[in-house]
Amino acid sequence: MKNIINNIEIIHGDLTKMNLDIIVNAANHTLLGGGGIDGIIHYKAGPELLEECKKLNGCEIGSAKMTDGYKLPCKKIIHACGPMYYANKVDAPNKLKNCYRKCIELAEKYRIENNLKTITIGFPCISTGIYHYPKDEACKIAIDTIRECTNMNIKVKFVCYDELDYKLYINYFNEINKGVL
Ligand code: AR6
């Protein structure tokens, strides 16, 4: 079993405990908090995070915005607004892809602006909890999109909280390694 391909790694764990440059939040269009990982991130970061989020005027579905990390161990948080799967199944794949692309775009901008040689960014499995995106499809979109749009200066970690997600990600990595894809 291989959990690293180039600069992309799969981890089974809690993203909110990780000491990365950037963590991605699975947020909603208001950016004002909610349940799931969003709730944990706001709780752990503290009330200053909500104050900054209030100034962002929300976020389009399929896009993302960046804030400070406040009391979390990360430096920055990218709040990505994934699609609600059953709201529009036809549009959902593109919206989910765009989320991952926008996160990498924001991470690269942050890296360049801060003169950093490399940065680390951790992703949860966006939209696969409360937003009910089928986990296997979301896993393929996440990995394929990141492989397409990232560069070697960005170290990407997919941090799977659920064991099922972790297994799906590892299995897909193994297929890629076998040269099937
Ligand atoms: N570390 C890593 N992944 C986690 C963690 C963690 N600590 N906790 C949960 N996950 P969800 P969504 C995983 O429901 O589906 C909120 O109300 C979880 O196992 O948090 O995008 C927002 O405000 C799942 O795989 O986000 C929105 O309204 C993944 O994070 C809505 O939920 C995403 O699950 C967004 O729904």
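In each ligand, atom 1 is the first atom listed, and ligand 1 is the first ligand listed.
Of the protein's heavy atoms, Tyr131 CG, 3.4 Å lies nearest to atom 36 (O) of ligand 1. Taking atom 1 (N) of ligand 1 as the reference point, the nearest protein heavy-atom neighbour is Leu15 N, 3.0 Å. Looking at atom 25 (O) of ligand 1, its nearest protein heavy atom turns out to be Thr128 OG1, 2.9 Å. Looking only at heavy atoms of the protein, atom 4 (C) of ligand 1 is closest to Tyr161 CB, 3.3 Å. Protein heavy atom nearest atom 30 (O) of ligand 1, with residue, atom name and distance: Pro124 CB, 4.0 Å. Nearest protein neighbour of atom 21 (O) of ligand 1, counting heavy atoms only, is Ser127 N, 2.8 Å. The nearest protein atom to atom 14 (O) of ligand 1, hydrogens excluded, is given as Ile130 N, 2.8 Å; this is a heavy-atom distance. The protein non-hydrogen atom at the shortest distance from atom 16 (C) of ligand 1 is Gly35 O, 3.3 Å.
Counting the atoms of ligand 1 from 1 in the order shown, those under 4.0 Å from a heavy atom of Asp38 are 22 (C), 23 (O). The distance from ligand 1 to the heavy atoms of Ala26 drops below 4.0 Å at these ligand atoms: 21 (O), 22 (C), 26 (O), 35 (C). Annotation for ligand 1: atoms under 4.0 Å from non-hydrogen atoms of Val159 are 2 (C), 3 (N). Proximity to Asp14 (heavy-atom distance under 4.0 Å) selects the following atoms of ligand 1: 1 (N), 6 (C), 7 (N). Within ligand 1, the atoms closer than 4.0 Å to a non-hydrogen atom of Gly34 are 17 (O), 23 (O), numbered from 1 in the order shown. Remark: ligand 1 atoms within the under-4.0 Å shell around heavy atoms of Asp162 are 19 (O). Near Asp165, meaning under 4.0 Å from one of its heavy atoms, ligand 1 places the atoms 25 (O).
For atom 33 (C) of ligand 1, the nearest non-hydrogen atom from the set Gly36, Gly39, Gly122, Cys125 comes from Cys125.
A pairwise comparison of heavy atoms in Ile119 and Ala107 identifies CD1-O, 3.2 Å as the closest pair. The shortest heavy-atom contact between Asp68 and Glu52 is N-OE1, 3.2 Å.
Inter-residue side-chain proximity for Tyr100 and Asp144 is flagged as unmet; no heavy-atom pair is nearer than 4.5 Å. Side-chain contact between Phe158 and Phe123: present, with at least one pair of heavy atoms (C-beta onward) separated by less than 4.5 Å.
When distances from atom 18 (C) of ligand 1 to the protein are checked, no heavy atom turns up under 4.0 Å.
Separation of atoms CD1 (Ile41) and SG (Cys74) is listed at 7.5 Å; rounding is to 0.5 Å. For the atom pair CD1 (Ile5) and CG (Asn177), the distance works out to 4.0 Å, reported to the nearest 0.5 Å.
Asn7 contributes a side-chain N or O that, together with a main-chain N or O of Asn151, makes up a donor-acceptor pair within less than 3.5 Å. Under the 3.5 Å distance criterion, the side-chain polar atoms of Lys135 are left unmatched by any main-chain donor or acceptor of Leu164. In this structure, the side chain of Thr120 does not engage the main chain of Leu20 through any donor-acceptor pair within 3.5 Å. Under the 3.5 Å distance criterion, the side-chain polar atoms of Lys97 are left unmatched by any main-chain donor or acceptor of Ile141.
Using a 4.0 angstrom heavy-atom cutoff, Ala27 counts as in contact with ligand 1.
In Glu60, the CD atom is not crowded: 12 or fewer heavy atoms of neighbouring residues, nucleotides or ligands sit closer than 6.0 Å.
Two different hydrophobic clusters hold Ile121 and Ile37 under the rule that ILVMFWY side chains link at heavy-atom gaps under 4.5 Å.
Some N or O of Ile37 is nearer than 3.5 Å to an N or O of ligand 1, by distance alone.
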